[in-house]
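Note that the structure is a prediction, hence the values are computed from the model and not measured.
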Amino acid sequence: MIQRSKNLNPVEYIVLEKESDASRLVRLIREFTFEAAHRLPHVPEGHKCARLHGHSFRIELICEGPIDPQTGWLIDFTEIKQAFDPLLLILDHHYLNDIDGLDNPTAENLARWIWVRLKPSLSPLTQINVAETCTSRCEYRG
């Protein structure tokens, strides 16, 4: 926090206070994309999503916590990528309905599926966003 001394030129006389722990909290977002096909088996008859179709999925993994004073970061972005890479191999260019646990691959179910598999190895994870289109997404907070 910046504090100005009274009656002094504010440009020349700025005193920096010690940062509080709360000011050292950060939110990191690492984005991934993949292509996949699916169909939604439980929608009403005639619903367009009952037919086989595909999306360019966009996944955002959100990690939150304090900045480590030694490293200057919460977590290395590479660690987030390494944690997600095995799941990306399962999802990218596949038919989601054939993946164990995704027989009804809605954005909501996909977000939860990712959370269950990722959270144990990525403890700062607080939210997963799954976007099927540029205008439609699910935000999952576990």
Side-chain angles (χ1 to χ4, degrees), residues 1-6 9-142:
M1 176 182 285
I2 298 174
Q3 181 180 23
R4 285 189 291 224
S5 301
K6 293 181 181 179
N9 182 335
V11 175
E12 294 178 11
Y13 299 96
I14 296 176
V15 178
L16 294 178
E17 294 180 358
K18 183 180 176 188
E19 285 185 276
S20 69
D21 290 340
S23 70
R24 296 191 49 83
L25 296 177
V26 295
R27 185 171 194 244
L28 302 181
I29 302 170
R30 179 64 163 88
E31 186 174 304
F32 300 87
T33 59
F34 67 91
E35 313 296 322
H38 73 155
R39 61 185 252 355
L40 302 183
H42 304 297
V43 294
E45 187 175 329
H47 192 286
K48 67 181 182 177
C49 292
R51 296 189 302 271
L52 179 63
H53 63 285
H55 294 288
S56 296
F57 287 91
R58 190 178 78 248
I59 307 297
E60 292 178 336
L61 302 180
I62 300 168
C63 295
E64 297 181 65
I67 299 171
D68 182 302
Q70 183 69 29
T71 62
W73 60 34
L74 166 64
I75 185 173
D76 188 342
F77 282 106
T78 301
E79 289 180 55
I80 300 171
K81 181 183 183 313
Q82 289 172 342
F84 188 66
D85 275 349
L87 299 180
L88 189 59
L89 289 172
I90 294 169
L91 299 168
D92 191 31
H93 283 83
H94 285 93
Y95 178 51
L96 298 182
N97 299 69
D98 284 347
I99 296 171
D100 188 37
L102 286 176
D103 56 313
N104 184 26
T106 61
E108 297 86 344
N109 287 338
L110 179 56
R112 183 176 183 284
W113 184 91
I114 293 169
W115 178 275
V116 166
R117 286 152 183 79
L118 200 56
K119 180 63 176 170
S121 64
L122 193 59
S123 61
L125 184 67
T126 58
Q127 182 173 324
I128 296 174
N129 296 339
V130 174
E132 292 185 348
T133 70
C134 58
T135 59
S136 302
R137 75 175 182 202
C138 167
E139 297 181 348
Y140 185 84
R141 293 185 188 96

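- Scanning both residues, I75 and P124, for their nearest heavy atoms gives CD1-CG, 4.3 Å.
- Nearest heavy-atom pair across T106 and L40 is N-CD2, 3.8 Å.
- The two residues P41 and D103 come nearest to each other via the heavy atoms CG-O, 3.4 Å.
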Candidate pair I62 and I128, rule side chain to side chain contact (heavy atoms under 4.5 Å, CB included), full reasoning: CA-CA 6 Å; I62 300 168; I128 296 174; over 6 Å; no
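- What you find for I80 and C63 is that their closest heavy atoms are CD1-SG, 4.0 Å.
- Judged as a ring-ring contact (aromatic ring centres under 6.0 Å, His included), the pairs with a partner in residues 95-138 (not counting sequence neighbours) are, in order, W115-Y140.
- P69 and R24 get closest at one heavy-atom pair: CA-NH2, 3.6 Å.
- If you take CD1 on I114 and CZ on F84, they are separated by 4.5 Å, rounding to the nearest 0.5 Å.
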N/O donor-acceptor pairs under 3.5 Å from side chains in residues 25-36, not counting sequence neighbours:
unit_1, atom_1, unit_2, atom_2, d
E35, OE1, S56, OG, 2.6
E35, OE2, S56, OG, 3.3

Which pairs would a plain distance check flag for residues 43-54, meaning a side-chain donor or acceptor within less than 3.5 Å of a matching protein atom at least two apart in sequence or in another chain?
unit_1, atom_1, unit_2, atom_2, d
H47, ND1, C49, N, 3.0
H53, ND1, H38, O, 3.4
H53, ND1, R51, O, 2.8
H53, NE2, H38, NE2, 3.1
H53, NE2, H55, NE2, 3.2

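- Across all their heavy atoms, R39 and N97 have their closest contact at O-ND2, 2.8 Å.
- Rounding to the nearest 0.5 angstrom, the gap separating the CD atom in E132 from the CG atom in L110 is 8.0 Å.
- Listed by first and then second residue, the side chain to side chain donor-acceptor pair (under 3.5 Å) pairs that reach into residues 71-90 are T71-W73, D76-T78, K81-D85, sequence neighbours excluded.
- Not counting sequence neighbours, the partners of R137 by the salt bridge (Lys or Arg N to Asp or Glu O under 4.0 Å) test are E139.
- Taken from NE2 in H94 to CG in L89, the straight-line distance is 8.5 Å, to the nearest 0.5 Å.
- No more than 12 heavy atoms of other residues, nucleotides or ligands sit less than 6.0 Å from atom CZ of R112.
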I59/L87 under side chain to side chain contact (heavy atoms under 4.5 Å, CB included): CA gap, chis, key distance, verdict: CA-CA 11 Å; I59 307 297; L87 299 180; over 6 Å; no
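- Applying the side-chain hydrogen bond (donor to acceptor under 3.5 Å, both in side chains) rule to N129 yields the partners E60, Q127; only residues at least two apart in sequence or on another chain are considered.
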